[in-house]
Amino acid sequence: MGFIDDAKDAAETAGRKIKEAFEDTADRIGDKVDEVKADADVKKAEAERDSVDKRNEVKAELRGDDK
């Protein structure tokens, strides 16, 4: 029975390691997705800021405001 028990332990260990590797990979993928979303949000906010700045400049020019 020693051989069967050793094989069973080895299979359980291998299964546990595969599960842990899968979970780690899933976490890394999730982290990368979060990073990409955050970068996109930053770029969107920067573009909106630039748009507002440009609109304000145009309005100021139309009003004849001096800068």
Side-chain angles (χ1 to χ4, degrees):
M1 284 298 216
F3 176 74
I4 293 174
D5 289 337
D6 289 345
K8 182 179 175 184
D9 289 342
E12 287 175 357
T13 300
R16 186 173 50 250
K17 286 183 179 185
I18 290 170
K19 180 183 175 191
E20 289 171 357
F22 176 78
E23 290 171 350
D24 289 345
T25 300
D27 287 344
R28 283 191 208 112
I29 291 170
D31 291 346
K32 189 64 175 176
V33 168
D34 291 344
E35 179 182 339
V36 169
K37 285 181 182 179
D39 286 344
D41 289 345
V42 167
K43 287 180 183 181
K44 180 181 174 185
E46 288 173 343
E48 187 174 335
R49 178 202 60 208
D50 293 345
S51 173
V52 169
D53 286 345
K54 188 62 177 172
R55 275 189 305 211
N56 290 341
E57 286 177 19
V58 170
K59 286 180 183 178
E61 286 177 16
L62 291 174
R63 286 190 305 259
D65 294 347
D66 291 330
K67 288 188 175 182

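What you see is a predicted model; the values in this text were computed from it and never measured.
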request  = Report the distance from atom OG1 of Thr13 to atom CD1 of Ile18, rounding to the nearest 0.5 Å.
outcome  =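 Between atom OG1 of Thr13 and atom CD1 of Ile18 there are 11.0 Å.
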request  = Measure the spacing between CD of Glu48 and CG of Asp50 and express it to the nearest 0.5 Å.
outcome  = 10.5 Å
task = Please identify each residue that fulfils salt bridge (Lys or Arg N to Asp or Glu O under 4.0 Å) with Lys44, with sequence neighbours left out.
result = none
message = Quick test of your reading of the model: are Glu46 and Lys43 salt-bridged, counting only N-O distances below 4.0 Å?
response = no
query = Can any side-chain N or O of Ser51 pair as donor or acceptor with the backbone N or O of Ala47 at less than 3.5 Å?
reply =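 Looks like no, no N/O pair under 3.5 Å.
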